[in-house]
Amino acid sequence: MLALSGVAKRYPNGLAALSGIDLAIDPGAIVAVVGASGCGKSTLLRLVAGLDRATSGTVAVAGHPVDGPGEDVGVVFQEPRLMPWLTVEANIRFGLGRLPKAEAARRAAEAIARVGLAGFASAWPRQLSGGMAQRVAIARALVAKPKVLLLDEPFSALDTFTRRDLHQHLLDIWGWLRPTMMLVTHDIDEALALADRVVVLAGRPGRIVADVAVPLPRADR
Ligand code: ADP
Ligand code: ADP
């Protein structure tokens, strides 16, 4: 589903952020990307999301080279990045391309229910807790039913209990859509709780220094 081959990224200021990245991820896999701050995790995610371009090598999603943000990929960042002047529902509908109104409303309602926010469609972002706002961000990323969900430190601003709650929501969502997930995290416990596979980046430029399967079935962790 995701295929990176010989990927390197050098920023315009000359900083080499990634080098020699070869990575293939199967459909429906949940892969955690871990590593020290500055090793290129966010850069890697942005290349897959089409938010930035590799300096060399190829990045493909579902067999197509990535050449910009597209409907196949949903992204969740550390901050929810909601538009404060739009309701929860309108924020989520922002994640949809052009669709007939009734269909857009149906899709938004489904996504809202899947993240446990039924009843909050007309709420404003400022009325939400941090965990709820992040659930809206997840619903917005999923409303177009993308094949791939990318998450960049999505829970690191949340308290432990909220974080656990969101882990469960994320696994429920995985059971619903089976998206291929790439989860950037500093939290090794989170990686081991959620992922099938953990990829470790290290160095400057960042390279893959380890790539291991998590041996326990998720239900037993
Ligand atoms: P991580 O997510 O692992 O903390 P990043 O991908 O954010 O790492 O950054 C990798 C390296 O690239 C860091 O040294 C960072 O400062 C640098 N970097 C990130 N974005 C840019 C940018 N837009 N321009 C220049 N350097 C950048
Ligand atoms: P994260 O910790 O999630 O990787 P950062 O705080 O490193 O995020 O980066 C936040 C934003 O700043 C990103 O858009 C990144 O590209 C940009 N950035 C990071 N480092 C640099 C840098 N050295 N020069 C320019 N932009 C940077």
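All values derive from a computational prediction rather than experimental measurement. When a ligand or atom number is given, it counts from 1 through the structure's own listing order. Note that the numbering runs from 1 along the sequence shown for the chain.
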Does ligand 1 have any atom that is closer than 4.0 Å to a heavy atom of [X]?
X      : answer
Gly206 : no
Lys9   : no
Gly35  : no

Distance-only polar pair, side chains of Tyr11 and Thr43, donor-acceptor under 3.5 Å: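 Present: a donor and an acceptor within the cut-off.
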Thr162 versus Asp165, side-chain donor and acceptor atoms under 3.5 Å: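 There is no such pair (donor and acceptor under 3.5 Å, judged by atom type) between the side chains of Asp165 and Thr162.
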Within ligand 1, which atoms have a heavy atom of [X] less than 4.0 Å away?
X      : answer
Asn13  : 25 (C), 26 (N)
Ala17  : 12 (O)
Ser37  : 4 (O)
Arg204 : 14 (O)
Leu15  : 11 (C), 12 (O), 14 (O), 17 (C)

Note: [X]-[Y] ion pair, threshold 4.0 Å (strictly below):
X      : Y      : result
Asp152 : Lys41  : no
Arg98  : Glu103 : no
Asp52  : Lys9   : yes

Please state which part of [X] comes within less than 4.0 Å of ligand 1, counting heavy atoms only: side chain, backbone, both or neither.
X      : answer
Thr43  : both
Asp152 : neither
Arg46  : neither

Within-cut-off N or O pair, Cys39 and ligand 1, under 3.5 Å: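 Yes, there is a polar N/O contact under 3.5 Å.
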Contact list for residues 117-134, test side chain to side chain donor-acceptor pair (under 3.5 Å), sequence neighbours left out: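 The answer is none; no pair qualifies.
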Least distance between heavy atoms, Leu158 atom then Pro154 atom: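 The pair with the smallest heavy-atom distance is CD1-O, 4.4 Å.
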Side chain Asp196, main chain Ile30, donor-acceptor under 3.5 Å: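 Pair found, side chain donor or acceptor close to backbone of Ile30.
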Salt bridge (charged side-chain N to carboxylate O under 4.0 Å, His left out) contacts touching residues 65-85 (sequence neighbours left out):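 Of all non-adjacent pairs touching residues 65-85, those that pass salt bridge (charged side-chain N to carboxylate O under 4.0 Å, His left out) are Asp72-Lys147, Glu79-Arg81.
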Of the listed options Gly38, Ala36, Ala16, Ser42, closest to atom 4 (O) of ligand 1 (non-hydrogen atoms):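 Looking at heavy atoms only, Gly38 sits closest to atom 4 (O) of ligand 1.
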